[in-house]
Protein chains: 2
Amino acid sequence: MKKPTIKDVAKAAGVSTATVSYALNGRTDKVSNETIERIKQIIETINYIPDFSARSLVKNQSKLIGIVIPQTESHKQLILENPFYSEIISGIEGKLREHGYHLLLSGVNQGESYLNLSVQRNLDGAIMMGIYPEQFYDGFKKIKIPIVLIDSYINDSYFKRIGIDDEYGGYLATKHLIDKGHSNIGLITGAIRKDGVVEKRFLGYKRAIREANFFYNPDYVFEDSMSYEHGMAAGKLIASKHPEITAVFATGDMVAFGAIRSLINEGKRVPEDISVIGFDDISMSKMFIPPLTTIRQSITEKGAVAAELLIHMIQGNGEQEANEVVLPLTIVERATVKALG
Amino acid sequence: MKKPTIKDVAKAAGVSTATVSYALNGRTDKVSNETIERIKQIIETINYIPDFSARSLVKNQSKLIGIVIPQTESHKQLILENPFYSEIISGIEGKLREHGYHLLLSGVNQGESYLNLSVQRNLDGAIMMGIYPEQFYDGFKKIKIPIVLIDSYINDSYFKRIGIDDEYGGYLATKHLIDKGHSNIGLITGAIRKDGVVEKRFLGYKRAIREANFFYNPDYVFEDSMSYEHGMAAGKLIASKHPEITAVFATGDMVAFGAIRSLINEGKRVPEDISVIGFDDISMSKMFIPPLTTIRQSITEKGAVAAELLIHMIQGNGEQEANEVVLPLTIVERATVKALG
DNA sequence: TTGTACGCGTTATCAG
DNA sequence: CTGATAACGCGTACAA
């Protein structure tokens, strides 16, 4: 048997579909309480479940939220291998569900646009991570979909933002190394792009260096991608070409893992010979051996707050709220940084 | 301006909506090629994008696939912290998208059922990981939603299954340790439940032990949850109470990480004092220090194949295909197992 | 409370 | 053979 519709309920209850609809939506002004009770009974027994497609069509809201995350080069796969993203998604999904929304997780094929998806599926909103070409943002503005940006420094009041003070984080990490007596401090980082988080962390690094009256040496920054592999490559370079470097700030934990690995491969001990500090505190960081000293941000909370902001925007309570939420940062000292001398 | 509908296209093209619909679906038997061309032009210029909700309503297919993954106790959050799940989701999403489907990622609130979601959203199919109460499976059968089970030993021809030979994997891991000269081999594992993957791995462990004519000692199996924390706890126990154990088989890589960590904390060296072998080969395993020796399965492929199976079922080509796909297993020797003596 | 038009796209039926 | 008309799927909300 096919699934029951609102008509079946109406028929069984001996009322009109309108009444059922009102009852369902708790419009006590439209239907008497007794009728509501009776209808609820019937819904129970025949096991009626409203169809979201139909609802979406008439109410023009899908209760569906999209999430835009970077993809692999080939655009074939999401980079969920990076635990940072999966943790944040966890946070988003939980909060969304709490408010009756669902999460549509999709990458985008070559050439196509996420905008298409948003329109097709009638997304009520979307959460974006990473930075993209400007036209990408413009597209969303044009179709008026509420957007929350995670870790973005795009300054446009159309979007709400949630992030951390990356510059301060970079400063904090570097300062920590300096306080421990290090002066030749390497930076291993993903691509430094304008308005990206990495740029800010880099800026913080430089500020700490300058503040300590050290010489900022561009040769000490190893910039490529935010990946384990790049960490490996940079670590190797440092071990072989820059033995004077005694400490490294990796702008992401995964990068730090790679660096530590190759440093050890090259015969260095961490932290005895060289200290490493990471950034993010993904769940793996405390499990790593040695446990990673890093700048902690609450990743799951970031996701949850992003979801909350978005829901407020969707429900129209967006104005009375801050355009930007900045989450706190702390340093968590574990076992990869050692005081010098 | 609001988004263009099929009517707008029809008006602009001077044809009926039916014609536009036919053109869109490439029904060359219904519309002349020229008309199709002209309509396509117009669609381009006014930027028309069909609405999936409307489509879903009439075609009764949503192009939406659900995915059921275990949740944390509180039912608040998905366990995406375990990279195993995120990697598999990566694989699923990529393949789904390739075929024009999208992924709905949702946990389930306390008391509610995933069935509700499936009906509401008109899911075309779902992929399930983990094992659940029987009624859960029955529900899906009742509403006739195609389901692919990942890592399940539920034997019911209604479902297609994708997995590995877990018993063999458990055997392989244990045998490897035995071949390296170990005889007192501990097992650290998640809950051993009937028809679960863990049970099979456990069985493989026992088979290898018996085959080698060793004594199977129940005291050597540390069963709790498939978590880093349990690995830690078990490792500590082994170090303190069972110094005679020289090798450990952890039925999941995360568990192995935890075990190694506490073993080291307790002053043991891995692998010099005690060997550890894991299971799964999540991407983190090769990054771990020391790199984890483990039983490798292609997690991403598992997801991709699951998606493919499901799509075939949905498209009705399910019968001509195997009910079960078993992916290969290999042992990857890294640095946590050492030959004895 | 109810009848019903409506939202959007599909498709069976009918006409040119 | 090309194209139009109209009913339909499901739930909502306005006018009565």
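The basis for the numbers below is simple: all heavy atoms, side chains too, and nothing from hydrogens, waters or symmetry mates. Throughout, a chain's letter reflects where its sequence line sits, starting with A, and its residues are numbered from 1.
When the P atom of D/dC10 is taken as reference, atom CG of A/Asp8 falls 9 Å away, rounded to whole Å. Distance CZ (B/Arg121) to P (D/dG9): 22 Å, rounded to an integer number of Å.
In this structure, of D/dA6, D/dA13, D/dG11, it is D/dA6 that holds the atom nearest to the side chain of B/Thr17.
When each of A/Phe140, A/Tyr153, A/Tyr137 is tested with A/Phe159 by the rule ring pair (Phe, Tyr, Trp, His ring centres under 6.0 Å), just one qualifies, namely A/Tyr137.
Using a 4.0 Å heavy-atom distance criterion, B/Tyr48 is classed as a sugar-phosphate-only contact. Within the nucleic acid shown, A/Val15 comes within 4.0 Å of sugar-phosphate atoms alone, with no base atom in reach, counting heavy atoms only.
Between B/Thr35 and D/dG3, a side-chain N or O to OP1/OP2 separation shorter than 4.0 Å is present. Look at B/Thr19 and you won't find any side-chain N or O under 4.0 angstrom from OP1 or OP2 of D/dG3.
The two residues A/Ser118 and A/Ile145 make their nearest non-hydrogen contact at CB-CD1, 3.5 Å. Scanning both residues, B/Ile314 and B/Pro146, for their nearest heavy atoms gives CG1-CG, 4.1 Å.
Between A/Glu98 and A/Lys95 there is a salt bridge, since at least one side-chain N of the basic residue sits less than 4.0 Å from a carboxylate O of the acidic one.
Think of the region where chain A sits on DNA chain C: with heavy atoms and a 4.0 Å cut, that region ends 5' and 3' at C/dT1 to C/dC8.
Within the 4.5 Å cutoff, the side chain of B/Val9 has no heavy atoms near those of the B/Leu24 side chain.
Within residues 53-62 of chain B, the residues approaching DNA chain C are B/Ala54, B/Arg55, B/Val58, B/Lys59, by heavy-atom distance under 4.0 Å.
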